[in-house]
Every structure is written in C-alpha cells, then in structure tokens.
Amino acid sequence: QVIQTGQEVLTVRLEVVPGCDSSQVWEEVASRLNEHLSAQGLPSIRVERAQEPPMRDPVSGKFRNVWADLKRGKE
C-alpha cells in the first residue's frame, strides 16, 4: 500500500513473503518507486517504509492500494 502522508512524502506498507529478506525487498521497492517518481518529474518525493503491514479499509473491508492521508503525516 502506498499512502501520501505529506505534500512530498509517500509511506509504503509492505508485507514480505516468509523466507524473503525484508531489507532486500524494501530496498528494491524503494529503488523502483524512486526511479518511477524521478521519471515522472518528481525526484523530491520522499519514500518511507511504514512499520505496520498493509491494512484493510475500516469501512469497506477491502485493501486499498493507493490513497492520500495528509492528516496522518502531521502526527
């Protein structure tokens, strides 16, 4: 899950498959996301890893992939 938590901040919730190196997976995800953002003309966007795993939407019960939660970034 990718959540916009600030004007120039994206927070990524990542669930790593058991047996995989979570640090290596995170490095690959962050690298590819930064490459994509740079290619879109957004090199100043900061990508952060969330401590929590992906979560379901409390209302629909579905997993949302991308959204903005600018109030969360101010905590």
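Rounded to the nearest 0.5 angstrom, Q1 CD and R56 CZ are separated by 10.0 Å. To the nearest 0.5 Å, the span separating OG on S44 from CD on Q7 amounts to 11.0 Å. With rounding to the nearest 0.5 angstrom, the OG1 atom of T5 is 11.0 Å from the CH2 atom of W67.
Comment: R13 engages E52 in a salt bridge, judged by a side-chain N to carboxylate O separation of less than 4.0 angstrom. In summary, D57 and R64 engage in a salt bridge, as defined by a charged side-chain N under 4.0 Å from a carboxylate O.
Side-chain contact between S22 and R49 is present, with at least one heavy-atom pair separated by less than 4.5 Å.
Between P54 and L14 the shortest heavy-atom distance is CD-C, 3.8 Å.
Note on V29: it clusters hydrophobically with V16, by side-chain heavy-atom contacts below 4.5 Å among ILVMFWY residues. A continuous path of Ile, Leu, Val, Met, Phe, Trp and Tyr side chains, each step under 4.5 Å between heavy atoms, connects L33 with I45, placing both in one hydrophobic cluster. A single hydrophobic cluster is not seen to contain both I3 and M55; linkage of ILVMFWY side chains at heavy-atom distances under 4.5 Å, directly or through other members, places them apart. Hydrophobic cluster membership is shared by V47 and V25, with clusters built from Ile, Leu, Val, Met, Phe, Trp and Tyr side chains linked at under 4.5 angstrom.
Q40 contributes no side-chain N or O that, together with a main-chain N or O of L42, makes up a donor-acceptor pair within less than 3.5 Å.
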